[in-house]
Amino acid sequence: MSKAWWKSSVIYQIYPRSFADSNGDGIGDLNGITEHLDYIKELGADVIWLSPIYQSPNDDNGYDISDYQDIMTEFGTMEDFDRMISEMHKRGLKLVMDLVVNHTSDEHRWFMESRKSKDNPYRDYYIWKEPKDGKEPNNWGSCFGGSAWEYDEETGMYYLHCFSKKQPDLNWENETVRKEVFDMMTWWCEKGVDGFRMDVISMISKDPAYPDGPVADGLHGDLSPYVCNGPHVHEYLQEMNQKVLSKFDLITVGEAAGVTIEEAKKYANLDGRELNMVFQFEHMGLASGEYGKWTTDRVELKKLRAVMNKWQTELEGVAWNSLYWDNHDQPRAVSRFGNDGPMYREVSAKMIATCLHMMKGTPYIYQGEEIGMTNAYFKTIDDYRDIEAINAYKEYTESGLINEEDMLNDLKMVSRDNARTPMQWDDSPNAGFTTGTPWIKVNPNYMMINAKQALADKDSVFYYYQKLIALRKQYEIIIEGVFEGLLNDDENIYAYQRVLGDQKLVVACNFSEKEVPCTLFDGKEGQELISNYKFHKDGVLKPYEARVILY
Ligand code: NOJ
């Protein structure tokens, strides 16, 4: 096996709660995943990343873990896990586990001990601070609304939770905590897992001064400057690498909120001292405004291109990129960057896929993206299940900063639940996801948009993704070619080339619903590797047209 297999892999992300329910309780499960492995194999992805499947009270759908070495009751048993991983390996599919170690659940044994007394042996596993002037130690707001500090009556101190109050942050400065985490990771590696996606790993080292943060949204201080890319984060990851990662043949990706290019060059350096790659967020935050992500604004192509091109060119030869438009925390890619109306949904889904998959890095496909699933456009707050959406709705509408109608419109565009509606398998009730009542509403468009229909149509978005993946396996230039931006000021076209030896791969994508002039391909003889249109017109790109030509 080549050492850098993770460079040529394509990763398929499953959100287990919403993928496939095998026992009719309305919640997806491990047996449901095992039943659908052939579907992923058919697509051609080689690695499956599972959002957390560990024991959890589900305050944040599994990102609040109460036992790292047990399976969530609703998802099945350890026997189901063993069967699932063995069925994956039989098919040549690798398994990436979500590693959530910035925080645990408050129902984790460590925290239940920690909160008992100031001298409990587990006290220092978490971040406890004395009140300041009878109040919170600083003004930090949690990522899910409210203060990032929770007062605990038992000992009269506050604990830090960057996310919900049921997700207390672990104290990575404590060597024993690090050892516990590394031992647990080793246990999973010995069980045969092939890698880790590390949840908010850029947040594990905090600024020891715990200063107040700037108040931008009128509610709380921003904690990110003091918790992202903190003073010891690289030291901790290098230790993790020495003690665990380097001992196995793994793929590793760090979710790195607030990561800059300079930081990414350390996290994802090709020298292999830390991780293989990171998820950066710059292209996800481009439409953010006064109230953070809560806006209906769309991203301008110019800004998107500038950010993506910067990451492509600046990591060249130094570090490795991850490539994604979509995941369980983001709205649906076709709704956000393409056009999810009936006329252009398929063609624009193929166009954005082309734009991403021909770049340099490891591509991630989020369940349903490969059939062009769209945002849910829920009409009332009662349809939402996500703690972030529910808390933000409450906090912004109650404070009067955003009115109810505007907040509902913002949620329709950016809520995480857009990505969490059940996978649309077929046109039977509940999209074939469950025979019971789904934990979150199925998108009503499942009658039209579903995997069964996609598999029956040779021109579907599914087969287009299949071809993009196959091309990556076939042409080295897609993996190794050096990226160069083209038409950098064009209002509608995102174009670039990849260069390897005397080969050139030219990619042009029209992000608009207009026909636009494009002379990139005129008068040159090349081989078309893929396009979302059968017939082209000289000198133009049709609405949402994408073309990839090898010279
Ligand atoms: C990032 C995860 O992707 C998200 O779903 C989760 O809510 C937070 N980290 C907290 O774990």
Side-chain angles (χ1 to χ4, degrees), residues 16-17 50-75 78 81 97-118 120-129 140 142-144 146-152 154-155 157-189 193 196-206 223 227-228 230 232-233 236-237 239-240 243-244 254-255 257 328-329 387-388 391:
R17 203 173 185 79
L50 295 186
S51 278
I53 56 169
Y54 315 91
Q55 196 59 266
S56 163
N58 281 307
D59 191 50
D60 183 22
N61 290 352
Y63 283 92
D64 48 319
I65 297 168
S66 54
D67 188 340
Y68 289 108
Q69 280 159 276
D70 196 6
I71 301 295
M72 191 191 299
T73 316
E74 292 156 325
F75 288 176
M78 198 54 89
F81 174 86
M97 295 284 274
D98 218 307
L99 182 80
V100 189
V101 289
N102 172 69
H103 44 267
T104 68
S105 161
D106 64 341
E107 296 179 39
H108 193 288
R109 186 176 55 85
W110 300 338
F111 190 74
M112 297 202 295
E113 284 297 320
S114 184
R115 75 191 320 173
K116 279 185 184 161
S117 67
K118 290 187 183 174
N120 186 284
Y122 289 88
R123 185 65 169 182
D124 198 37
Y125 271 45
Y126 295 86
I127 299 170
W128 292 96
K129 296 274 176 228
W140 293 357
S142 101
C143 302
F144 291 160
S147 167
W149 298 96
E150 182 71 9
Y151 184 71
D152 198 61
E154 196 60 42
T155 55
M157 288 177 76
Y158 285 89
Y159 65 86
L160 178 70
H161 58 90
C162 291
F163 295 89
S164 98
K165 63 179 182 203
K166 286 186 66 60
Q167 292 167 298
D169 280 53
L170 281 166
N171 175 16
W172 273 71
E173 285 182 24
N174 180 342
E175 214 187 308
T176 324
V177 167
R178 302 203 298 277
K179 184 173 182 314
E180 295 260 23
V181 170
F182 300 156
D183 288 351
M184 173 273 285
M185 291 172 73
T186 303
W187 185 85
W188 281 105
C189 290
V193 309
F196 297 103
R197 173 271 185 189
M198 304 184 187
D199 191 66
V200 289
I201 204 70
S202 56
M203 289 170 65
I204 59 177
S205 169
K206 277 75 175 174
L223 49 65
V227 304
C228 295
H232 302 293
V233 67
Y236 297 154
L237 287 176
E239 187 185 345
M240 178 195 283
K243 298 202 167 138
V244 188
E255 190 204 23
H328 65 291
D329 291 332
I387 180 169
E388 183 198 49
N391 287 358

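Quick caveat, the model's predicted, so the values are computed rather than measured.
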Between the main-chain N or O of V244 and the side-chain N or O of T186, is there a donor-acceptor pair closer than 3.5 Å?
no
Interatomic spacing from CD1 in I387 to SG in C143 - rounded to 0.5 Å
11.5 Å
List in chain and number order the residues that pass side chain to side chain donor-acceptor pair (under 3.5 Å) with D60, two or more places apart in sequence or in another chain; answer none if no residue qualifies.
Q167, R416
With sequence neighbours excluded, residues passing side chain to side chain donor-acceptor pair (under 3.5 Å) with T104:
Y126
Less than 6.0 Å separating the ring centroids of Y125 and H108?
no
Using the six-membered ring wherever Trp is involved, compare the ring planes of Y236 and W172 and label them parallel, tilted or perpendicular (cut-offs 30° and 60°).
tilted
Measure the CG-CZ distance between N391 and F163 for me, rounded to the nearest 0.5 Å.
13.0 Å
Taking C-beta and beyond as the side chain, do F144 and H161 meet within less than 4.5 Å on heavy atoms?
no
Heavy-atom side-chain proximity of Y159 to I127 below 4.5 angstrom:
no
Nearest heavy-atom pair of G62 and P52: which atoms, and what distance?
O-CB, 3.1 Å
Of all heavy-atom pairs between N120 and K116, which one has the smallest distance, and what is that distance?
ND2-CB, 4.1 Å
Evaluation steps, side-chain contact (heavy atoms from CB on, under 4.5 Å), between Y68 and V181:
CA-CA 9 Å; Y68 289 108; V181 170; 6.0 Å; no
Sequence neighbours excluded, which residues qualify as side chain to side chain contact (heavy atoms under 4.5 Å, CB included) partners of D152?
R115, W128, E154, T155
Do the non-hydrogen side-chain atoms of N61 and H328 ever get within less than 4.5 Å of each other?
no
What pair of heavy atoms forms the shortest contact from I53 to P16, and how long is it?
CG2-CG, 3.7 Å
Any non-hydrogen side-chain atom of P57 less than 4.5 Å from a side-chain atom of S66?
yes
Counting N and O atoms only, with roles assigned by atom type, does the side chain of D64 sit under 3.5 Å from a partner on the main chain of K166, one being a donor and the other an acceptor?
no
When you look at D70 and Y54, which way does the side-chain contact (heavy atoms from CB on, under 4.5 Å) test go after all the steps?
CA-CA 6 Å; D70 196 6; Y54 315 91; over 6 Å; no
Between Y122 and S114, which heavy-atom pair has the shortest distance, and what is it?
O-OG, 3.1 Å
Answer whether the closest heavy-atom distance between the side chains of R17 and N58 falls below 4.5 Å.
yes
Is it the case that the side chain of N102 and the backbone of V200 share a donor-acceptor pair, with hydrogens and angles ignored and the cut-off at 3.5 Å?
no
Partner of E255 by side chain to side chain contact (heavy atoms under 4.5 Å, CB included), out of D98, D329, L99, I201
D329
Who passes ring-ring contact (aromatic ring centres under 6.0 Å, His included) against Y158, sequence neighbours left out?
Y151
Taking side chain to side chain donor-acceptor pair (under 3.5 Å) as the test, write out the residues that go with K179, two or more places apart.
D183
How long is the span from the CD atom in E173 to the NE2 atom in H232, to the nearest 0.5 Å?
5.5 Å
Rounded to the nearest 0.5 Å, how far apart are CH2 of W110 and CG of D124?
13.5 Å
Please name the pair of heavy atoms, one in C189 and one in F196, separated by the smallest distance, quoted to 0.1 Å.
SG-CE1, 3.7 Å
Determine the minimum heavy-atom distance between C162 and L223, stating which atoms define it.
SG-CD2, 4.0 Å
Modelled atom types, side-chain donor and acceptor of S56 and Y63, under 3.5 Å
no
side-chain contact (heavy atoms from CB on, under 4.5 Å) evaluation trace for L237 with M240
CA-CA 5 Å; L237 287 176; M240 178 195 283; 4.1 Å; yes
For the atom pair CG (D59) and CD (E107), what is the distance rounded to the nearest 0.5 Å?
8.5 Å
Set of side chain to side chain contact (heavy atoms under 4.5 Å, CB included) partners for Q69, sequence neighbours left out:
D67, M184, W187, W188
Would you please test M185 and M198 for side-chain contact (heavy atoms from CB on, under 4.5 Å) and show each step?
CA-CA 11 Å; M185 291 172 73; M198 304 184 187; 4.2 Å; yes
